[in-house]
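Worksheet: the structure to be examined is printed underneath.
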Amino acid sequence: VLLALEISLSFDNAVVNARVLETMTPGQQRFFLSWGLVVPVFGVRFLGPLLLVSLAGHIGVGEALDAALHHPAHYHALLELAEPRILAFGGTFLLMVFLRYFFDEAKTLHWVQQLEQRLSAAGRVPSLEVALALVILMLVALVLPGSLRSDVLFAGLIGLVLQILSTSLADLFGGEEEAVGRMAVNGGLASMVYLELLDASFSLDGTIGAFAITSDLGLIMTGLGLGALFIRSLTVMLTREKALDQLIYLEHGAHYAIGALGLLMLAGVVIGRWGWHVPEWLSGLIGVLLLVLALADSLRHNRRQAA
């Protein structure tokens with residue numbers, strides 16, 4: 001069940017990662033698939049929640065680790081206390097990924113023509129996506145009590161800044177005029193950092209939801225870790241087979257799914273006030289449906305071109 005949860009939540013992640021991975025060397029791709037797993041499995045799914053639980057619960061990291069290993073129910077309660085901050089960070093990061101993809105005046109290939117043409121035209125306004133993300137984050141924070149509002153705003157701002165910084169560095173070092181020598185290596189490293197941050201944002205929601213299935217931290221790390229390995233293998237396969245060049249709308253569907261997941265995570269911050277939660281299966285189902293629709297339209301387009 002954990003494996004299915006991770007795959008359904010992160011399938012669109014594989015599509016977006018594949019486009020970034022195309023800019024990296026075969027050696028960097030192998031590193032992403034092997035040692036790059038250390039960050040999402042141990043960093044995001046183990047150390048990350050420990051640090052967040054420690055900060056939100058005002059306890060030491062050692063105490064949080066003891067709760068995770070020996071008192072899973074208590075650890076789950078602490079994790080739920082940190083949940084609004086986690087969702088604000090991940091939701092804002094993913095929302096920025098969605099907005100920066102569609103708010104691009106140079107974008108000429110559109111799947112949902114009328115909507116995407118308008119979004120692309122809006123990209124002529126500098127930093128409009130940043131302003132829109134900030135407005136949504138402030139609206140979310142407005143409905144929260146004062147004690148939580150500043151924490152959620154701060155967590156969301158960290159997600160926004162990290163998304164801008166990571167993609168800007170990747171663009172800077174990945175330009176054609178700089179893609180030689182040491183700068184090419186730096187471009188690969190910047191892309192790697194962006195991929196890890198993107199994976200982290202996808203994984204935060206699944207890590208919280210995993211505790212609804214089991215309180216065994218070992219099972220959670222194993223199930224989600226195997227799911228992460230599958231997704232990364234799929235990413236490399238999509239890259240090497242140049243699948244995104246053949247299935248032209250798949251990337252669009254993945255970014256719509258990312259935007260939906262980001263909004264659901266931010267909505268989770270709001271409805272969490274009343275003890276409600278956005279079910280993980282809903283996030284996964286929306287992502288899979290959007291990808292299936294994009295895949296079907298891509299195949300239909302290919303048949304028309306062939307005819």
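Atoms considered below: every heavy atom in the structure, side chains included; atoms not considered: hydrogens, waters and symmetry mates.
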How long is the gap from CD on Q163 to CE on M96, to the nearest 0.5 Å? 4.5 Å
Can you measure from OH (Y249) to CG (L291) and round to the nearest 0.5 angstrom? 15.5 Å
Parallel, tilted or perpendicular, judged at 30° and 60°: which one describes the rings of Y101 and H255? parallel
A side-chain contact here means heavy atoms from C-beta on lying under 4.5 Å apart; do V278 and M265 qualify? no
Among all residues two or more places apart in sequence or in another chain, which pass the side-chain hydrogen bond (donor to acceptor under 3.5 Å, both in side chains) test with N302? none
For the pair H252 (side chain) and V112 (backbone), establish whether a donor and an acceptor sit closer than 3.5 Å, ignoring hydrogens and angles. no
Using 0.5 Å steps for rounding, measure from the CG atom of D104 to the CD atom of E129. 9.5 Å
Approximate separation, where rounding is to 0.5 Å, of L266 CG and T92 OG1: 5.0 Å
Not counting sequence neighbours, which residues clear ring-ring contact (aromatic ring centres under 6.0 Å, His included) with F98? List them please. F102
Nearest 0.5 angstrom please: L295 CG to L290 CG, how far? 12.5 Å
Hey, can you pull the donor-acceptor pairs under 3.5 Å for the side chains in residues 235-244, sequence neighbours left out?
unit_1 : atom_1 : unit_2 : atom_2 : d
T235   : OG1    : I231   : O      : 2.9
T239   : OG1    : A18    : O      : 3.3
T239   : OG1    : T235   : O      : 2.9

Straight-line distance of L65 CG to H70 NE2, nearest 0.5 Å: 8.0 Å
